[in-house]
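This report refers to the structure that appears directly beneath it.
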Amino acid sequence: MRILFFGKLKEITGKREIKTNNYRTLNELKNFLFEKYLDLKKETFFIAVNQKIVDKNVKLKDNDEIALLPPISGG
Amino acid sequence: MRILFFGKLKEITGKREIKTNNYRTLNELKNFLFEKYLDLKKETFFIAVNQKIVDKNVKLKDNDEIALLPPISGG
Amino acid sequence: MKYLTNRKITKKFIEKILNKKDEKAGSFIIFTGKVRKDAVVNPGTRGKTYVREIIYEAYNKMAEKEIESIVKFAENKFKVREIIVKHRIGRVKVGEIAFLVAVFSEHRKEGFSAIQFIINKIKKKVPIWKKEILSNGKARWKKGSSYPKTPNFLLP
Amino acid sequence: MKYLTNRKITKKFIEKILNKKDEKAGSFIIFTGKVRKDAVVNPGTRGKTYVREIIYEAYNKMAEKEIESIVKFAENKFKVREIIVKHRIGRVKVGEIAFLVAVFSEHRKEGFSAIQFIINKIKKKVPIWKKEILSNGKARWKKGSSYPKTPNFLLP
């Protein structure tokens, strides 16, 4: 699966995208990300799986596209 | 004073404007107009004196400009 | 005349508005009212007739005063940077612009509040009338909507 | 991409919209959001700095989907004839257009309801972010406004 980072989060992780298949649920992935990028913990963001916002601990599949999105400031 | 007619009222009176100084109050003028142009009675309109809407039986002065205005359909 | 015009409201005119530079104006809204090709069903005639054009008539002197007072009132009531109003008089064909209002403001909320206020007030208060010319050559005054409290009865 | 563009939204583009013929559209409204030269007070620095330009970043695939669903929803909810949306990505200078929405409709009331609905929804739901570049060369992400219910806490 692909993990995409946007806005300020991209500056925290230093990456636009990482690829991984080791995590089966959203919480597992988040624990990994919080450990790897400590500063992420201070940020508020929401998560989209395959371009849909999710707010449950969904299962993750190999070809999923997961995106960490800071609060929106478009328009 | 000048009496101006607009929109459909102009077609009823056949005139854009008439000049007269024989009437001292708005009601006097209206009685004259209703007698002279019978069809005016069937019409709904409001009256502006010197470009201000009036709805009282105001006194009229020689250099007043009185306008008979059909309901508005601009914009 | 500042607001009424018997000349066509052209794209060039709108471009001139678009070219205005105002670094503090985050929002620019423009409304154009155009003559619609309305279908008109005539009792008695088989076919349908359509609006071909509209002739606008105004009590110019009073209309200019009324629009000016509405614009001034809106400038105080809403925090906007610039208001532009143009209303056509004379013959306006289907598809042509009869009425234009543009508002520059810092933020869009004030812009939208102001522009709607201005349009509604002009439609209600400014002495302008529409005469529809139909495809069958006939003409009819559009029924107006706004009446003062005591229109034409003999006043007390 | 249908709605996002990294090319300047030019007057020519707006003219193309203005040239659209629609004899049933009595109302045409266009909103443009521009980059404002906002003053930015930096604690500690004596002088004032200003916004020089804004870099817009979007999650393109999701943003296009979200805008499409908002436009479709608006087309059903409001009786409008055509909706046009353009949002810039990339570098947009002060005074340049970052966001454009245009609505053709028979009557102005539906047009104003629809255009405000669309603008508000896009600002709330579409994954786009602003990075302000200041006159002193510094950059800062604009604080976003919309948060989902349970943002980044460990979910149940």
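Convention: sequence-line order gives letters A, B, ...; per-chain numbering from 1.
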Seminar exercise, completed: Bottom line for B:Leu4: the part with an atom under 4.5 Å from chain C's heavy atoms is side chain
Counting only heavy atoms not in [X] (residues, nucleotides, ligands), do more than 12 fall under 6.0 Å from its [atom1]?
| X | atom1 | answer |
| --- | --- | --- |
| B:Lys10 | NZ | yes |
| C:Arg91 | CZ | no |
| C:Lys72 | NZ | yes |
| C:Lys121 | NZ | no |

Problem set entry | Value rounded to 0.5 Å, distance of CD in C:Glu132 from OG in B:Ser73 | 9.0 Å
For this session: Measure the spacing between CD1 of C:Ile122 and CD1 of B:Ile72 and express it to the nearest 0.5 Å.
Result: 11.0 Å
Exercise. Quick check: does any side chain N or O of C:Trp129 sit under 3.5 Å from a backbone N or O of B:Gly74, one acting as donor and the other as acceptor?
Worked result: no
Problem set entry | Residues in residues 56-64 of chain C that sit under 4.5 Å from chain B, counting heavy atoms only | C:Tyr56, C:Glu57, C:Ala58, C:Tyr59, C:Lys61, C:Met62
Exercise. In terms of heavy-atom proximity below 4.5 Å to chain B, should C:Lys131 be classed as side chain, backbone, both, or neither?
Worked result: side chain
Seminar exercise, completed: Okay, C:Lys142 and chain B: the region with an atom under 4.5 Å from a heavy atom over there is both
